Amino acid sequence: MSVQPDVKKQMAFNQDMIFRAVGESFTKLNPAHQLRNPVMFVVLLGSLVCSVIVALDLAFGRAVSFNLQVTLWLWFTLLFANFAEALAEGRGKAQADSLKKSRKDVPARKLIGYQGPHAQGLAAHTEVMVTSKDLHAGDVVLVMAGETIPLDGEVIEGVASVDESAITGESAAVIRESGGDRSAVTGGTRVASDRLVIRITSEPGAAFLDRMISMVEGASRKPTPNEVALGILLVSLTAVFVLAVVTLKAFSIYSEKASGILVGTTATIPILVALLVCLIPTTIGGLLSAIGISGIDRLIRKNVLAMSGKAVEASGDIDVLLLDKTGTITHGNRRASQFLSLPGSNENTLARAAWLASMADETPEGRSIVALAEECFRFDAKDIESLRSGVFVPFSAQTRMSGIDIPAGTLPQGFPSSVRKGAVDAILKHAATQGIVSLEAAAQARTMADHVAKQGATPLAVLADGKVLGILVLKDIVKEGIKERFAQLRRMGIRTVMITGDNPLTAASIAAEAGVDDFVAEATPETKLARIRDEQVKGHMVGMIGDGTNDAPALAQADVGVAMNTGTQAAREAGNMVDLDSNPTKLIEIVETGKQLLMTRGALTTFSIANDVAKYFAIIPAMFAALYVTAGEKEGPLAALNVMRLTSPESAILSAVVFNALIIVLLIPLALRGVKYEALGASTVLRRNMAIYGLGGIVVPFVGIKVIDVLLVGLGLI
Amino acid sequence: MNSFFDIAHVVLFLAVAFVTVPFVSKWLSWTFRPEPMRIDSFANVIIGSRGGQDWKAYAGALMAFNCLGIVVLLAILMLQSHLPFNPQGLPGLPFDLALNTAISFVTNTNWQAYSGESTLSFFSQMFGLGTQNFVSAAVGFGVMCALARGIRSRQSSDLGNFWVDLTRGTCLILLPLAALWTLILVSQGVIQNFSAYVDVNTLEGAKQTLPMGPAASQIAIKQLGTNGGGFFGLNSAHPFENPTFFSNFVQVLGIVLLPLAAPLAFGELAGNRRHGRTLFTVMGVLLLGALGFSLWSELQGNPIFGGAPFLEGKELRFGIGHSVLWGTVTTATSNGSVNAMMSSLSPLAGGIAMFQMMLGEIIYGGVGSGVYGLFLYAILTVFIAGLMVGRSPEFLGKKIEAPEIKLAVIGVLLPSVLILGSSAIAVMSEAGLKSLAHQGPHGLSEVLYAFSSAAGNNGSSFGGLTSNTPFYNNMLSCALFFGRFGVILPVLGLAGLLARKKALPESAGTFPAHGPLFGTLLLSVALIVGALTFLPALVLGPIVEHLMLFK
């Protein structure tokens with residue numbers, strides 16, 4: 001997808017954000033904040049205990065260097081984890097700040113006694129100036145060009161262009177009008193032209209903008225079900241490691257006595273705390289909230305607003321996607337796809353006539369005819385000087401055709417001077433008035449047109465100098481690359497279902513062309529809802545995207561319902577995400593983001609646990625090197641486990657602690673960006689991630705700890 | 001020199017054992033099939049219950065049955081002097097020993113702080129311990145089957161009926177098998193009588209008392225039900241319990257017969273044979289690894305004696321190969337009977353035996369319990385793996401969420417807590433240290449082994465440790481009880497949770513709970529969780545002992 005460069009651009013943090021995050025790393029040391037994350041709370045307790053010991057060491061004038069360094073790095077571990085969280089929150093906060101500017105109270109013209117657009121006379125209602133915070137759901141306001149819409153609402157009168165850049169970041173204004181699917185307006189956006197009468201649908205403080213602010217700020221962030229489950233696992237592991245370390249004190253005292261050395265010299269409190277902090281899953285524990293926040297953040301950068309973290313997570317589980325045909329699978333506007341000539345004519349002649357007829361037609365359909373003709377037959381407008389003198393006959397609802405008349409004699413040989421294209425009936429009628437069309441040709445044209453219509457395409461007839469040349473096929477074209485996209489989804493285990501109002505025959509042909517797995521033809525809101533329920537009963541997780549009011553029940557029923565921002569207020573309320581770009585293919589990116597979120601958690605958990613192996617090999621031999629030393633030997637038998645050949649017990653322990661702290665910082669980019677996602681089968685993805693984060697998690701710390709050990713000793717720190 | 005024969009015996013044994021698997025597993029899944037059987041009416045007549053139970057009812061029945069079992073057995077042991085079949089007129093047991101023994105046999109552990117021949121009457125052995133040897137094994141099967149039904153059901157709460165499972169397991173599997181095994185053992189010369197002990201004059205002129213009793217029938221079920229409690233104090237190292245090479249072979253086979261078949265039966269009952277086969281394979285790889293490692297360690301010889309084999313404490317009639325084989329399978333399967341002193345194994349082989357128990361008896365484990373123990377690890381595996389493929393985790397079609405994780409970690413980690421916590425208390429207290437036969441690393445191993453054996457419901461003893469003291473009797477009683485029911489209850493709760501869930505259809509995005517990838521992961525998770533939890537303790541016990549020996 002093309003979002004990649006975008007993401008990279010936005011990954012760069014500005015200095016302000018980083019300074020702000022550094023500051024917050026310290027304020028987040030507050031125990032009440034740490035208590036929310038039990039893994040890091042254990043680190044906090046350990047750091048406090050070690051600090052007290054260092055203070056006592058200093059007070060009694062004991063050697064303090066090692067304990068002090070261990071303690072400092074324990075505090076760094078905490079700060080680094082806080083920094084990760086603060087950084088993840090940073091962008092959201094910056095965005096929230098700019099959104100808050102749009103939320104300020106604005107004056108509003110409240111209409112009292114408004115009776116509807118057709119009520120006669122000014123006496124029907126009066127206009128009162130109030131501020132937006134005094135408005136309530138159900139009030140009616142008038143917003144003039146240049147004014148800010150005070151609260152979310154439904155347009156009940158008027159058409160206007162609205163500048164929604166405050167929310168969507170998109171500078172081009174959008175059209176909002178009463179009735180239909182484009183009637184919702186958002187508080188904080190600005191009417192750019194014309195005027196709108198709006199019925200307010202939200203209370204002050206509970207509007208879309210407020211929800212958006214609290215979402216990007218992370219204020220309303222609750223742990224998602226998966227975070228809760230992972231949290232339980234992490235807390236249990238932490239508890240077991242606490243137990244392992246506490247009981248190790250007992251076993252070490254026993255062993256110290258048995259080897260006849262001074263009790264309490266091997267497993268000192270700072271060393272035990274260091275071991276504990278290294279063993280408990282601080283890597284994932286420290287980055288867990290950053291991962292969750294950045295998941296929502298990544299969606300916001302894709303201009304999707306998730307109403308809860310739960311929805312983001314659920315989107316990774318979707319295995320059935322309901323997609324509207326129009327706009328998602330097809331371009332939505334019909335394009336020329338084929339020229340079908342009648343006997344007595346040929347494709348070239350037909351195409352040339354159609355080309356001429358569309359020359360001045362600025363509709364997308366007209367342009368597509370010109371493009372197709374030029375592509376197939378290499379026509380060139382430069383060849384025809386006289387085109388400028390032609391008279392364009394525009395399309396009208398009465399004639400249902402358009403074309404051009406060019407003064408005869410100014411054209412090259414073989415060019416018709418009067419061409420029309422339009423609805424088959426209209427063209428035939430028009431031809432009949434000129435009385436040249438044979439009944440046979442008319443019948444042939446009709447048969448051909450019926451055949452085209454049955455395939456879900458639109459037939460247009462082309463008339464040149466009173467003669468019907470053939471049928472021009474306009475088709476709803478399937479988007480390029482969509483078939484590959486669906487194949488990709490299939491590999492991810494996601495089934496696509498196309499929803500369309502077309503008849504089953506047409507639907508089947510488009511479904512086959514687009515490569516969707518299934519389709520629902522002649523869909524109504526009821527059939528959509530029934531289809532979703534049906535899939536859910538079978539155990540599937542269903543995602544769908546919709547905009548209209550009649551989509552609202554289905555959006556509410558779907559596990560992940562994405563409403564388009566252009567849609568109606570009802571649709572926006574029903575879904576658990578809003579796509580500000582109103583781009584239907586966004587659902588695919590949403591699914592990817594959800595999966596990435598879970599994968600990042602899994603990868604870092606695995607990495608965190610796998611790291612422990614190396615840390616044991618660093619700390620245990622260092623800790624117990626003095627046990628069971630036989631006469632004449634410098635170190636005891638357990639020194640044999642020092643496979644990394646770390647310089648000294650002190651440097652070994654400190655290196656492990658330093659590695660444990662630094663790895664958090666090094667993994668912040670991964671936590672914020674998410675692990676790489678590719679649409680592959682579950683086993684392939686798992687095998688690859690296990691190799692990277694499982695095996696890598698075992699190997700990396702061996703190397704890292706060794707390097708740090710060399711550096712520490714080289715710098716003379718130990 | 002001898003190592004060729006040792007290894008050949010081991011290979012022959014494995015070949016025979018694995019050949020039995022398909023047949024026995026079919027028998028197991030036939031026995032616990034969902035359809036009603038005529039024998040169910042037996043449960044109905046005695047208890048008045050044969051209908052489906054939800055997890056609470058199933059667990060309630062199980063706990064009531066086991067607690068009643070503890071009380072009855074406690075009474076028998078304390079009152080044995082007033083009960084029949086006591087030709088030696090042995091007195092009743094003191095409360096702490098009686099309670100320890102009662103819990104030990106009800107929990108399918110058979111930790112023995114006493115010597116059978118000098119402590120227990122024939123009545124206590126047959127009606128007290130013997131009964132529990134049968135039913136505690138059947139309880140293990142019951143829990144395994146309830147779990148399988150939980151996986152299989154779709155939004156129902158029915159886990160089967162505890163009383164029906166108990167009846168079927170006892171009458172259709174254990175009783176017939178035990179009868180067969182008894183006859184084979186008797187044919188080899190294992191004693192089976194009700195005689196008073198016999199005094200004989202030895203060739204050297206000394207007087208020796210030969211213990212008598214109905215040994216063969218007790219030994220058959222001790223092996224088949226992964227109980228392990230010897231009729232005599234020396235267990236299967238005693239010539240009256242294990243007289244010949246063939247009886248030895250038959251007994252080791254008895255140890256593994258049902259545990260080997262259990263995972264496949266579980267897969268069949270849970271409606272996913274491939275998952276059962278994967279569990280079987282994972283267990284097999286662990287067993288072969290442990291066996292190979294132990295054999296290697298033993299055959300290295302003792303460097304202090306110029307590489308002479310570690311023969312002290314081994315049963316010389318069978319040699320090192322069969323001692324190591326027995327030692328490995330008995331600790332892997334939660335059986336706990338021995339034909340050699342575990343304390344006499346080389347440090348690493350002893351450490352392996354200990355580690356197998358610390359993992360929670362999941363390497364085939366006790367009848368039924370090995371499968372549900374490994375299943376808990378599988379839940380954790382699937383959770384982590386599921387995250388890594390980007391879907392909220394699901395297992396055999398059921399979504400794994402916070403409540404399931406909670407129960408799985410309790411079941412996996414509780415035994416670890418018991419082992420480490422109790423061992424730490426023991427080495428910090430005078431009462432605990434007084435019982436040690438050795439100082440230094442070996443002494444620590446004695447303590448760790450005892451609590452691993454109790455919490456893992458294995459029952460084998462390292463030797464050395466004087467465990468019949470109030471301190472150890474009480475501490476071990478706790479470890480026994482919570483090591484058993486602290487796993488069974490979470491498993492049943494899990495079965496209940498899974499049963500109520502709807503099943504999700506499989507897709508390309510689903511991570512399959514079978515095959516080499518899942519197996520490797522499961523193996524790694526079990527080993528890493530076990531290693532990370534116990535490595536510090538093992539380092540100060542068997543590992544440092546090994547390093548000191550092979551400096």
Side-chain angles (χ1 to χ4, degrees), chain A residues 225-226 228-230 232-233 236 240 243-244 246-248 250-255 258-259 279 313 316-317 319 490-495 538-540 594-596 598-599 601-603 605-606 609-610 612-613 616 620 624 627-628 637-638 640-641 677 681-683 685-687 689-690 693-694, chain B residues 380 383-393 397 400-402 404-406 409-410 412-413 416-417 420-421 423-425 427-428 433 439-441 443-444 502-505 507-512 515 517 520-521 524 528-529 531-537 539-541 543-544 547-548 551:
Chain A
N226 180 265
V228 172
L230 182 56
I232 291 171
L233 182 66
S236 317
V240 164
L243 183 86
V246 169
T247 55
L248 187 59
F251 301 141
S252 73
I253 291 174
Y254 168 90
S255 305
S259 45
L279 291 182
E313 208 172 89
D317 287 349
D319 56 358
R490 202 167 302 119
R491 280 199 296 277
M492 286 157 66
I494 297 173
R495 212 149 43 81
K538 286 189 219 146
H540 293 290
K595 285 191 180 294
Q596 239 189 350
L598 293 181
M599 282 165 65
R601 276 190 208 134
T605 304
T606 309
I609 296 171
D612 283 0
V613 177
Y616 264 134
I620 295 277
F624 295 128
L627 287 179
Y628 303 111
L638 283 173
L641 295 180
Y677 179 77
S683 298
V685 171
L686 183 66
R687 208 170 294 131
N689 283 342
M690 277 314 288
Y693 300 100
Chain B
L380 298 186
F383 182 72
I384 294 174
L387 286 181
M388 298 244 276
V389 301
R391 272 179 79 140
S392 55
I400 303 301
E401 290 158 305
E404 290 82 31
I405 288 296
K406 201 179 287 175
V409 288
I410 291 175
V412 164
L413 298 178
S416 314
V417 173
L420 289 176
S423 302
I425 293 171
V427 298
M428 291 303 281
L433 290 172
Q439 293 306 307
L444 185 61
K502 59 183 177 192
L504 310 172
S507 78
T510 315
F511 171 58
L517 183 61
T520 314
L521 274 183
S524 326
I528 289 211
V529 169
L532 292 182
T533 313
F534 292 106
L535 194 73
V539 157
L540 295 178
I543 293 177
V544 74
L547 291 172
M548 285 162 82
K551 221 179 223 181

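Throughout, a chain's letter reflects where its sequence line sits, starting with A, and its residues are numbered from 1. Computed from a predicted structure; not experimentally measured.
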With a 4.5 Å cut-off on heavy-atom pairs, point out which of [options] contacts chain A the most.
options: B:Leu535, B:Ile543, B:Ile528; answer: B:Leu535
options: B:Val427, B:Leu387, B:Ile425; answer: B:Leu387
options: B:Ser524, B:Ala424, B:Ala385; answer: B:Ala424

Pairwise distance [atom1]([X]) to [atom2]([Y]) - rounded to 0.5 angstrom:
X: B:Leu517; Y: A:Leu686; atom1: CG; atom2: CG; answer: 4.5 Å
X: B:Met428; Y: A:Thr247; atom1: CE; atom2: OG1; answer: 11.0 Å
X: B:Phe383; Y: A:Thr605; atom1: CZ; atom2: OG1; answer: 7.5 Å

_Main-chain N/O of B:Leu444 paired to A:Tyr254 side chain as donor or acceptor, under 3.5 Å_ = yes
*Donor-acceptor pair, A:Tyr616 side chain versus B:Leu532 backbone, under 3.5 Å?*
yes
Side-chain touch [X]/[Y], heavy atoms, less than 4.5 angstrom:
X: A:Leu627; Y: B:Leu540; answer: yes
X: B:Leu420; Y: A:Phe251; answer: yes
X: A:Pro225; Y: B:Glu401; answer: no

*asked:* Before you tell me yes or no, could you show the steps for B:Ile384 and A:Leu233 under side chain to side chain contact (heavy atoms under 4.5 Å, CB included), namely the whole-Å CA-CA distance, both residues' side-chain angles and the distance that decides it to 0.1 Å?
replied: CA-CA 10 Å; B:Ile384 294 174; A:Leu233 182 66; 4.2 Å; yes
_Taking side chain as everything from C-beta outward and backbone as N, CA, C, O, which of these in A:Ala640 sits under 4.5 Å from a heavy atom of chain B? Side chain, backbone, both or neither._
side chain
_A:Ser259 portion near chain B, given a 4.5 angstrom heavy-atom threshold_ = neither
Structural part of [X] lying under 4.5 Å from a heavy atom of chain A:
X: B:Lys406; value: both
X: B:Ser416; value: backbone
X: B:Leu433; value: side chain
X: B:Leu380; value: side chain
X: B:Ala503; value: backbone
X: B:Leu521; value: side chain
X: B:Pro441; value: both
X: B:Val409; value: side chain
X: B:Ser423; value: both

Interface residue of largest heavy-atom contact number with chain B, from [options], under 4.5 Å:
options: A:Thr606, A:Leu279, A:Val613, A:Val685; answer: A:Thr606
options: A:Asp612, A:Asp319, A:Val228; answer: A:Asp612
options: A:Gln596, A:His540, A:Glu313; answer: A:His540
options: A:Gly602, A:Ala258, A:Ser252, A:Gly694; answer: A:Gly602

Give the minimum heavy-atom separation between [X] and [Y], together with the two atoms involved.
X: B:Val544; Y: A:Pro637; result: CG2-CG, 3.8 Å
X: B:Met388; Y: A:Met599; result: O-CG, 3.2 Å
X: A:Asn226; Y: B:Pro393; result: ND2-CD, 3.8 Å

_For A:Leu641 and B:Leu547: C-alpha separation, side-chain torsions, deciding distance, then whether side chain to side chain contact (heavy atoms under 4.5 Å, CB included) applies._
CA-CA 9 Å; A:Leu641 295 180; B:Leu547 291 172; 4.2 Å; yes
